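Below: the structure, in structure tokens.
Since we're looking at a predicted model, the values are computed, not measured. The chain is numbered in sequence order, starting from 1. Values reported hereafter were calculated over all heavy atoms of this structure, with side chains retained and with hydrogens, waters and symmetry mates removed.
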Amino acid sequence: MRFRWMFPIFLGVLLGFSVPTESAPLVTYLVKMLPASGSSGQAPTLTCGFHGGSCGAGSGDFLDWDNTSTSSVYFRGIFTRGGSPRETNRLIGKRVRISGGGDRCEEQRAYIVDTAALQIRGTMRYLHASMNSTADFSIATSGSGELNSRTLGSMIQDTGCGAWNGTHVHAGYTTTGSASRSKNTSRFPSGDYCTPGVNCNSYTNTSSSNWTHKFTWSGN
């Protein structure tokens with residue numbers, strides 16, 4: 001019975017299973033979100049530094065962006081992957097409308113979903129913006145970094161919000177998701193209200209150095 005040791009392998013083949021030899025390699029992701037307003041390549045103006053619900057509060061995870069030449073609101077970022085496998089299409093953006101009407105701010109969220117892991121990795125929030133579609137969208141990645149720019153809707157006169165002041169988009173992230181996250185406090189101020197064209201700075205919205213929020217994670 002010298003071939004008895006081969007029986008488990010034959011059985012595995014018969015049942016459609018393979019004998020594992022090594023663990024699946026890790027794939028890593030680095031996501032740098034960029035300013036949410038202006039057409040790609042433009043330099044929208046920041047109207048308030050990092051803050052929460054009210055500009056000038058001096059803390060929080062949101063930035064206010066002016067309607068630079070267009071009132072369109074974008075999910076915009078550079079998506080870089082490393083390691084293996086090298087799929088370019090395992091990430092999708094899932095859009096959800098959260099609130100609106102009465103005295104509440106219009107809001108939509110874009111969930112960055114890793115379809116291979118079946119997990120939400122990061123979540124971006126966009127307030128004072130209409131929603132032009134509820135459809136999911138694909139997110140491209142590459143080893144050198146892939147720019148994604150998806151129109152989500154348009155800035156609106158969101159006068160129902162007590163903290164609202166002028167046409168802008170209030171963009172930031174939430175704690176929802178399994179990725180590590182950070183905000184670019186070395187590039188953008190905190191809690192400072194400013195006037196476009198007077199004491200506000202503009203930032204090219206396709207430059208990686210102007211990332212606003214960052215997500216990083218790894219998995220099989």
Side-chain angles (χ1 to χ4, degrees), residues 31-42 44-48 50-55 60-79 89-115 118-141 146-179 181 183 196 203 205-206 210-215:
V31 175
K32 292 183 175 181
M33 300 303 298
L34 298 167
S37 67
S39 299
S40 292
Q42 291 186 323
T45 303
L46 187 72
T47 63
C48 186
F50 283 112
H51 63 290
S54 179
C55 189
D61 302 322
F62 292 82
L63 295 171
D64 285 355
W65 294 97
D66 189 31
N67 54 333
T68 303
S69 78
T70 175
S71 61
S72 295
V73 175
Y74 290 83
F75 172 91
R76 180 183 284 118
I78 298 173
F79 288 72
N89 59 346
R90 65 187 279 176
L91 302 185
I92 64 169
K94 182 171 287 293
R95 303 171 56 184
V96 176
R97 184 184 179 192
I98 300 298
S99 62
D103 60 352
R104 303 188 68 186
C105 301
E106 293 285 342
E107 177 185 345
Q108 60 176 298
R109 297 187 184 184
Y111 297 95
I112 301 169
V113 179
D114 185 339
T115 59
L118 298 179
Q119 290 191 37
I120 295 173
R121 295 301 189 178
T123 305
M124 291 296 295
R125 295 176 62 186
Y126 305 89
L127 277 70
H128 320 310
S130 64
M131 190 172 183
N132 61 13
S133 172
T134 58
D136 298 345
F137 57 91
S138 60
I139 298 174
T141 67
E146 193 76 17
L147 174 66
N148 288 258
S149 186
R150 169 73 58 160
T151 307
L152 300 178
S154 299
M155 300 176 198
I156 59 175
Q157 295 284 332
D158 208 1
T159 52
C161 296
W164 184 91
N165 187 16
T167 305
H168 68 280
V169 59
H170 176 82
Y173 57 23
T174 73
T175 58
T176 304
S178 58
R181 62 191 181 277
K183 56 187 179 181
Y203 300 85
N205 58 19
T206 52
N210 291 335
W211 66 270
T212 60
H213 304 82
K214 183 189 294 183
F215 301 104

*In terms of side-chain heavy atoms, does S40 have a donor or acceptor partner in S149 at a distance below 3.5 Å?*
yes
_Evaluation steps, side-chain contact (heavy atoms from CB on, under 4.5 Å), between R95 and L152_ = CA-CA 9 Å; R95 303 171 56 184; L152 300 178; 3.8 Å; yes
*Within a strict 4.5 Å, meaning less than it, do heavy atoms of the M33 and M124 side chains meet?*
yes
*Do E146 and T141 have side-chain atoms, one donor and one acceptor, less than 3.5 Å apart?*
no
*Do I78 and W211 pass the side-chain contact (heavy atoms from CB on, under 4.5 Å) test, and can you show the C-alpha distance, the side-chain angles, and the key distance before you say yes or no?*
CA-CA 9 Å; I78 298 173; W211 66 270; over 6 Å; no
_Distance in Å, H213 NE2 paired with L63 CG, rounded so as to fall on 0.5 Å steps_ = 5.0 Å
_side-chain contact (heavy atoms from CB on, under 4.5 Å) assessment of L127 paired with C105_ = CA-CA 6 Å; L127 277 70; C105 301; 3.9 Å; yes
*Verdict with supporting geometry, V113 and L118, side-chain contact (heavy atoms from CB on, under 4.5 Å)*: CA-CA 7 Å; V113 179; L118 298 179; over 6 Å; no
*Quick check: does any side chain N or O of N89 sit under 3.5 Å from a backbone N or O of S138, one acting as donor and the other as acceptor?*
no
_Please tell me whether D66 and H168 have a donor and an acceptor in their side chains that are separated by less than 3.5 angstrom._
no
_Euclidean distance, H128 NE2 relative to N67 CG, rounded to 0.5 Å_ = 12.5 Å
_Contact between V73 and M155 at the side-chain level, heavy atoms closer than 4.5 Å - yes or no?_
yes
_Whether the side chain of D114 engages the backbone of Q119 through a donor-acceptor N/O pair (distance < 3.5 Å, no angle test) should be reported._
no
_Nearest 0.5 Å, please: how far is CZ in F50 from NZ in K183?_
6.0 Å
*asked:* Looking at every heavy atom in both F79 and A140, which two are closest together, and how far apart are they?
replied: CB-O, 3.5 Å
*Check: E106 and I98 side chains under 4.5 Å, non-hydrogen atoms*: no
_Residues E107, R125: salt bridge by 4.0 Å N-O rule_ = yes
*asked:* Can a side-chain donor-acceptor contact be found between T167 and Q157 if the only test is distance below 3.5 angstrom?
replied: yes
*K94 atom NZ: more than 12 heavy-atom contacts under 6.0 Å*: no
*Decide yes or no for T45 and W65: does some side-chain heavy atom of the first lie under 4.5 Å from some side-chain heavy atom of the second?*
no
*Measure the spacing between CD of Q42 and OG1 of T70 and express it to the nearest 0.5 Å.*
7.5 Å
*Measure across A110 and F75 and return the closest heavy-atom pair with its distance rounded to 0.1 Å.*
CB-CD1, 3.7 Å
*Could you give the distance from OG1 (T151) to CZ (R76), rounded to the nearest 0.5 Å?*
8.0 Å
_Ring centroids only, cut at 6.0 angstrom: are F62 and Y173 within range, meaning strictly under it?_
no
*Report yes if the side chains of T174 and Y111 come closer than 4.5 Å at any heavy-atom pair, otherwise no.*
no
*Considering only heavy atoms from C-beta outward, does the side chain of D64 approach that of L46 to under 4.5 Å?*
no
_Determine whether a donor-acceptor pair (N or O, by modelled atom type, separation under 3.5 Å) exists between the side chain of N205 and the backbone of S39._
yes
*Mind checking whether T134 and R97 have side chains closer than 4.5 Å, heavy atoms only?*
no
*Should F215 and I112 count as side-chain neighbours, where that means a heavy-atom distance under 4.5 Å?*
yes
*asked:* How close do C48 and H51 get, counting heavy atoms only, and between which atoms?
replied: SG-ND1, 3.5 Å
*Taking all non-hydrogen atoms of both residues, which atom of V169 and which atom of S37 are closest, and how far apart?*
CG1-CB, 4.4 Å
_If we count only N and O atoms by modelled type, under 3.5 Å, do the side chains of T115 and R90 hold a donor and an acceptor together?_
no
